[in-house]
Amino acid sequence: MSKKSRIKIRTLLQKAPVGEQVIVKGWVRTFRNNQFVALNDGSTINNLQVVVDYENTDEKILRKITTGACISAEGTVVESPGRGQSVEIKASTVEILGEADPEKYPLQPKRHSLEFLREIAHLRVRTNTFSAVYRIRHAMIFAVHKFFQEKGFLNIHTPIITGSDAEGAGEMFRVTTLDPVNPPLTESGEVDYKEDFFEKETNLTVSGQLEVETACLALSDVYTFGPTFRAENSNTSRHLAEFWMIEPEVAFCDLDELMGLAEEFVKYLVAYALENCADDLAFLEKRLAEEEKHKPQQERSPMGLVERLNFVRENEFVRLTYTEAIEILRRSKPNQKKKFQYLIEGWGADLQSEHERFLVEKHFKKPVILFNYPKDIKAFYMRQNEDGKTVAAMDVLFPGIGEIIGGSQREERFDNLQARVKELEIPEKDLWWYLELRKFGTAPPSGFGLGFERMIQFICGMGNIRDVIPFPRTPGNAEF
RNA sequence: UCCCCCUUAGCUCAGUUGGUUAGAGCGGCUGACUGUUAAUCAGUAGGUCCUUGGUUCGAGCCCAAGAGGGGGAGCCA
């Protein structure tokens with residue numbers, strides 16, 4: 001007879017093969033009454049109840065079935081006489097695979113603060129909240145690729161180490177193999193990067209956009225989905241120094257079509273989560289409701305998590321030009337009554353997050369896409385509009401998160417692009433290849449960047465971005 | 001980087017006007033119970049009150065500096 005393999009708890013609970021002999025393995029969540037093990041193996045948020053025959057099991061083994069311990073159990077699947085579950089395992093043998101000293105194991109069968117769990121990131125995945133978040137995160141990675149696959153986009157791996165510092169998306173992390181104490185110097189006393197590994201200055205990427213555009217102007221519809229690094233000293237619940245970004249780039253596409261793609265994409269992800277992660281979402285909804293109980297009425301969200309996701313899926317996003325937004329904000333109550341910290345006086349100012357929140361959360365009460373921003377507050381590669389004042393840029397704003405997507409139609413006219421590069425004093429030597437794209441067979445492409453963790457935050461209802469990535473990297477924190 | 005708040009048992013937190021020996025719930029341990037659902041019941045151990053300096057007869061509590069954490073702002077995704 002061949003060796004019997006284990007069955008995953010998710011499969012077991014789905015099939016409920018009553019009468020069958022099975023092996024299950026996982027980690028003990030609780031051990032009640034000297035016989036009821038709540039076992040979890042991460043395949044689902046639901047625990048399996050393993051009933052130990054305490055009268056015929058070695059006392060030494062019983063004592064080692066503690067919260068956090070890893071066990072293997074063999075037994076028969078039976079209908080449960082108890083109320084909390086439909087089936088359970090009547091175990092004939094229990095083997096301890098890994099003990100967890102109860103005096104030292106930090107996770108208890110009770111609610112812990114997210115701040116405490118952040119300090120034990122290597123163990124927090126063993127909690128319901130984090131296992132749910134990571135399962136949903138996985139499902140969203142899959143859904144991203146599925147969406148683009150169905151639309152005929154090609155996935156392009158853009159470089160992590162980059163020699164161009166031109167995108168201007170933020171401060172960069174330097175990549176070097178030079179001795180930090182005694183670096184080789186040039187005759188004029190500066191660090192001689194000719195001696196460095198790449199024989200030039202290199203950094204971790206802040207965006208794959210410029211590189212993915214090269215593929216776009218040959219393969220038409222492409223996207224990159226990879227890690228992104230920003231050395232900004234940002235200390236907020238919405239920023240990471242290392243995060244994952246999805247950047248589609250579409251040839252022969254204008255801003256209007258791009259906004260359509262962004263909305264369709266975000267709704268697809270939300271729908272995928274609703275249809276495939278129901279158990280985990282139900283748990284996270286309960287968690288969020290519990291958390292909000294401790295908040296004042298005013299700060300509580302009017303909808304539950306699932307209701308909110310359905311709302312986003314079913315309602316059209318508002319599309320609003322920057323100019324229209326300024327008008328609405330200028331005439332708004334908080335502006336008239338001088339409640340805004342930054343008052344809207346006229347056209348041209350960048351919108352602060354209080355303004356974005358007002359539009360999304362108070363005025364329209366749904367996701368908003370703002371477009372046609374003043375060119376002076378946007379990047380060099382964005383396409384200039386006919387008015388001479390604005391560029392074809394757009395941001396998708398979400399409740400509670402703020403900017404979740406930023407994108408634009410790209411400037412495909414060589415002269416315009418070069419003029420803009422000169423105007424902003426961007427070193428042309430770093431951008432020669434990007435400029436050449438506009439010399440040889442240029443085409444109007446459009447693209448955007450979606451912050452993956454911000455999307456996960458929204459779908460999971462998590463308030464802090466550090467709780468939707470396994471090992472968050474933030475200023476002063478690179479533990480694990 | 002700026003503003004505000006927090007730091008007391010393993011965890012979550014209370015601690016009065018500055019006053020003798022610093023508390024609770026959960027968790028741990030010991031035992032009871034044995035179809036429980038974050039089991040229950042009884043008992044019990046567990047403290048650098050973040051650190052340093054100061055004020056005071058006396059500091060968990062007041063003052064200063066520092067460290068760590070959180071919320072908000074800016075930067076952005």
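Labels below follow one simple rule: chain letters A, B, ... track the order of the sequence lines, proteins then strands, and each chain is numbered from 1.
Counting atom types as modelled, E88(A) pairs a side-chain N or O with a base atom of G35(B) as donor and acceptor under 3.5 Å. For a distance-only test at 3.5 Å, the side chain of E55(A) fails to qualify as a donor-acceptor partner of the base of U34(B). At a cut-off of 3.5 angstrom, counting only N and O atoms as typed in the model, there is a donor on one side and an acceptor on the other between the side-chain of Q85(A) and the base of U36(B). The base of G10(B) sits within donor-acceptor range of the side chain of Q108(A), with an N or O pair under 3.5 Å. Side-chain N/O atoms of R230(A) and base N/O atoms of A77(B) include a donor-acceptor pair closer than 3.5 Å. For S234(A) against C75(B), a side-chain-to-base donor-acceptor contact under 3.5 Å is present. Between the side chain of H239(A) and the base of C76(B), a donor-acceptor pair under 3.5 Å is found.
When each of R466(A) and L351(A) is assigned the nucleotide of RNA chain B bearing its nearest heavy atom, the one mapping closer to the 5' terminus is R466(A). Heavy-atom nearest nucleotides on RNA chain B were determined for E354(A) and for T66(A), and the one closer to the 5' end corresponds to T66(A).
Donor-acceptor pairing under 3.5 Å is recorded for the side chains of R29(A) and N128(A). When only modelled atom types and interatomic distance are considered, R238(A) and T236(A) share no side-chain donor-acceptor pair under 3.5 Å. Between the side chains of T205(A) and T162(A), no donor N or O sits under 3.5 Å from an acceptor N or O.
The aromatic ring of F36(A) does not stack onto the base of A39(B), failing the criterion of a centre distance under 5.5 Å from the six-membered base ring together with planes under 30° apart.
Between S353(A) and A73(B), a side-chain N or O to OP1/OP2 separation shorter than 4.0 Å is present. At U37(B), none of the side-chain N or O atoms of T30(A) fall inside 4.0 Å of OP1 or OP2 (strictly under the cut-off). An OP1 or OP2 oxygen of G69(B) is reached within less than 4.0 angstrom by no side-chain nitrogen or oxygen of N235(A). For Q352(A) and G74(B), the shortest distance from a side-chain N or O to OP1 or OP2 is below 4.0 Å. For G72(B), the OP1/OP2 oxygens have no side-chain nitrogen or oxygen of R238(A) closer than 4.0 Å. Checking the phosphate oxygens (OP1, OP2) of U1(B), a side-chain nitrogen or oxygen of N233(A) falls inside 4.0 Å. For S237(A) and G72(B), the shortest distance from a side-chain N or O to OP1 or OP2 is below 4.0 Å. Using a 4.0 Å cut-off, no side-chain N or O of R29(A) falls inside it from OP1 or OP2 of A39(B). Put simply, R32(A) has a side-chain N or O that comes within less than 4.0 Å of OP1 or OP2 on A39(B).
For the contact set between residues 357-365 of chain A and RNA chain B, defined by any heavy atom under 4.0 Å, there are no members.
Residue K90(A) is classed as a base contact, given a heavy-atom separation below 4.0 Å to a base. Contacts of P102(A) with the nucleic acid, taken as non-hydrogen atoms under 4.0 Å apart, involve only primed sugar atoms and P, OP1 or OP2.
Inter-residue side-chain proximity for R126(A) and W27(A) is flagged as met; some heavy-atom pair is nearer than 4.5 Å.
In this structure, Y373(A) and Y322(A) have tilted ring planes: the angle between them lies in the 30° to 60° band.
Annotation: C5(B) and A65(B) have their P atoms spaced 13 Å apart (nearest Å). Taking the C1' atoms as reference points, G58(B) lies 15 Å from G54(B), given to the whole Å.
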Under a 3.5 Å cutoff on both atom distances, Watson-Crick or G-U, what's the dot-bracket for RNA chain B ([ ] crossing, | other strand)?
(((((((..((((.....[...)))).(((((.......))))).....(((((..]....))))))))))))....
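Only one option out of K151(A), H145(A), E249(A) pairs with Y223(A) in a side-chain hydrogen bond (donor to acceptor under 3.5 Å, both in side chains); it is H145(A).
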